[in-house]
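Taking it in order: structure first as structure tokens, then the write-up.
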Amino acid sequence: MQKNHDKPVGAAFDLSGKLVMVSGASSGIGLHLAAAMAKAGADVALCARRTERVRQEAEHLEALGGQALGVALDVTSVDSIDQAMHQVQQHFNRAPDVLINCAGVALLKPFLEQTPEELDAVLNVNLRGAFLLAQRTAAAMVEQGGGSIINVASTAGIRPGGFLSSYGASKAGLIHLSKVMAFELARYKVRVNALCPGNIETDMHKEFEDAGFTEALVKRIPQRRFGTSQDLVGAALLLASEAGSYMTGAVLTVDGGQTVNSL
Ligand SMILES: NC(=O)c1ccc[n+]([C@@H]2O[C@H](COP(=O)([O-])OP(=O)(O)OC[C@H]3O[C@@H](n4cnc5c(N)ncnc54)[C@H](OP(=O)(O)O)[C@@H]3O)[C@@H](O)[C@H]2O)c1
């Protein structure tokens with residue numbers, strides 16, 4: 001007997017009554033997905049280092065009717081992660097049902113020129129930071145009875161991208177981490193999936209455009225365009241909601257076909 005069998009299809013994507021925590025919510029993909037979750041009915045906690053910005057964005061989102069909170073978070077600091085988790089749980093009186101683990105930094109530089117400090121900076125945010133935030137959130141979700149974690153990785157973690165050695169390695173690590181987490185946490189009803197955007201027009205992506213890579217990159221995308229943060233909303237809602245209830249350990253690309261281009 002299937003649960004929800006008689007409900008309208010769209011109801012499975014409804015996030016009313018859910019709390020979604022988003023890291024990297026001060027700009028780009030994280031901010032857009034936080035707004036999309038709020039539009040789907042969720043309360044949202046927007047987390048990033050630019051505290052004023054997340055607070056202002058939270059105020060805008062409250063106009064949609066739910067609750068929203070801007071929270072200071074630096075994922076390179078264990079203390080900051082613990083404080084943010086504490087603040088979120090105190091404010092909403094519950095643990096997050098969904099974590100969108102989206103904080104990230106990019107480095108576009110030839111492999112031979114990347115310094116140990118630059119390597120550390122990328123791994124510290126994209127892998128260590130994502131690991132620790134997911135670990136702290138998962139522990140709270142286990143206690144609460146379940147949840148969904150969306151690790152925002154990248155197609156650069158699936159296929160090699162030139163000048164993206166430390167970035168690609170961090171995202172490949174995050175994809176692998178997502179699979180191990182999915183395996184270990186399924187028994188606690190916590191689902192974990194990796195969402196892998198291709199080229200999405202944001203502040204981060206501007207670096208590629210400024211470096212003059214636009215034409216070459218677009219040619220490698222079968223759909224012949226860069227994506228927008230809006231292009232990620234459907235996949236994120238699927239992974240966040242009841243609609244994706246049998247999905248865990250998936251590596252979901254949203255890339256206009258970039259990872260299946262012809263040899
Ligand atoms: N744009 C693309 O083409 C693309 C493709 C694949 C994957 N992605 C991934 O998508 C995610 C979002 O990127 P974006 O394109 O939206 O770029 P973005 O606008 O630069 O967003 C990056 C976000 O990460 C946050 N962040 C950076 N360091 C942080 C730290 N130490 N602690 C907490 N938050 C931190 C930033 O906020 P603060 O500076 O305020 O802390 C910002 O909100 C990243 O993980 C990125 O790797 C992007």
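First listed ligand is number 1; within each ligand, the first listed atom is number 1. Below, each value reflects all heavy atoms present in this structure, side chains not excepted, and no hydrogens, waters or symmetry copies. Residues take their numbers from the sequence shown, with the count starting at 1.
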Could you see which bit of Asn124 sits under 4.0 Å from ligand 1, with heavy atoms only: side chain, backbone, both or neither? neither
If you measure from each heavy atom of Cys102 to ligand 1, is any distance below 4.0 Å? yes
Gap between atom CE of Met21 and atom SG of Cys47 - 0.5 Å precision: 4.0 Å
Is the closest N or O pair between Ala48 and ligand 1 shorter than 3.5 Å? no
Hydrogens and angles aside, do Glu201 and Thr228 bring a side-chain donor and acceptor to less than 3.5 Å of each other? no
Contact between Cys47 and ligand 1, counting heavy atoms under 4.0 Å? no
Quick one: side chain to side chain contact (heavy atoms under 4.5 Å, CB included) partners of Ala243, sequence neighbours excluded? Ala12, Phe13, Leu238, Ser241
Which pairs of donor and acceptor atoms, one on a side chain in residues 67-79, lie under 3.5 Å apart (sequence neighbours left out)?
| residue | atom | partner | partner atom | Å |
| --- | --- | --- | --- | --- |
| Gln67 | OE1 | His91 | NE2 | 3.4 |
| Asp74 | OD1 | Thr76 | N | 2.9 |
| Asp74 | OD1 | Thr76 | OG1 | 2.7 |
| Asp74 | OD2 | Thr76 | OG1 | 3.3 |
| Ser77 | OG | Asp79 | N | 3.4 |
| Ser77 | OG | Ser80 | N | 2.9 |

When you measure from the side chain of Lys39 to the backbone N and O of Leu64, does any donor-acceptor pair fall under 3.5 Å? no
Judged on heavy-atom distance to atom 31 (N) of ligand 1, which of Val122, Asp74, Val54 sits nearest? Asp74
Just distances here: any N/O of Ser26 and N/O of ligand 1 closer than 3.5 Å? yes
Side-chain (Arg191) to main-chain (Leu239) donor-acceptor, under 3.5 angstrom: yes
If you draw a 6.0 Å radius around CG in Asn93, do more than 12 non-hydrogen atoms from other residues or ligands fall strictly inside? no
Nearest candidate to atom 22 (C) of ligand 1, where distance is taken over non-hydrogen atoms, out of Gly24, Ala103, Ser229, Gly104: Gly104
So, is Gly198 polar-close to ligand 1, with some N/O to N/O distance under 3.5 Å? yes
Output the list of atoms in ligand 1 that are nearer than 4.0 Å to some heavy atom of Gly28, sorted by atom number. 16 (O), 19 (O)
Indicate, as side chain, backbone, both or neither, the part of Ala153 found under 4.0 angstrom from ligand 1 when only non-hydrogen atoms are considered. backbone
Would Asn199 and Arg220 count as having a side-chain donor-acceptor pair, cut-off 3.5 Å? no
Taking heavy atoms and a distance under 4.0 Å, where does Lys171 meet ligand 1: side chain, backbone, both or neither? side chain
Suppose we measure from atom 32 (N) of ligand 1 to each protein heavy atom; which comes out shortest, and what is that distance? Val75 N, 2.9 Å
Looking only at side chains, do Asp255 and Thr155 share a donor and an acceptor under 3.5 Å apart? no
Whether over 12 other heavy atoms sit under 6.0 Å from Tyr188 OH: no
Give a yes/no on ligand 1: does Tyr167 have at least one heavy atom closer than 4.0 angstrom to it? yes
Does Arg50 reach ligand 1 with a nitrogen or oxygen that is under 3.5 Å from one of the ligand's nitrogen or oxygen atoms? yes
For Ile200, the ligand 1 atoms with a heavy-atom partner under 4.0 Å come out as 1 (N), 2 (C), 3 (O)
Heavy-atom contacts with Val105 under 4.0 Å: which atoms of ligand 1 show up? List them by number with element. 27 (C), 28 (N)
In ligand 1, which numbered atoms sit nearer than 4.0 Å to a non-hydrogen atom of Leu73? 32 (N), 33 (C)
Atom indices of ligand 1 within 4.0 angstrom of Val152 heavy atoms, with elements: 9 (C), 10 (O)
For ligand 1, which atoms sit closer than 4.0 Å to a heavy atom of Asn199? 3 (O)
Do Asp82 and Arg136 sit within salt-bridge range, that is, some charged N less than 4.0 Å from a carboxylate O? yes
Distance (rounded to the nearest 0.5 Å) between Ile150 CD1 and Ile100 CD1: 4.5 Å
What protein heavy atom is closest to atom 48 (C) of ligand 1, reported as residue, atom name and distance in Å? Ile29 CD1, 3.6 Å
If you take the nearest heavy atom of each of Ser23, Ser154, Ser27, Ala106, which one is closest to atom 42 (C) of ligand 1? Ser27
Interatomic distance, Gln56 atom CD to Leu46 atom CG [nearest 0.5 angstrom]: 12.0 Å
Closest to atom 13 (O) of ligand 1 among Lys206, His32, Met204 (heavy-atom distance): Met204
Hey, does Thr202 come in under 3.5 Å of ligand 1, counting only N/O atoms on both sides? yes
Can you report which non-hydrogen protein atom sits closest to atom 39 (O) of ligand 1, along with the distance? Arg49 NH2, 2.9 Å
Strictly by modelled atom types, are His205 and Glu209 linked by a side-chain donor-acceptor pair under 3.5 Å? yes
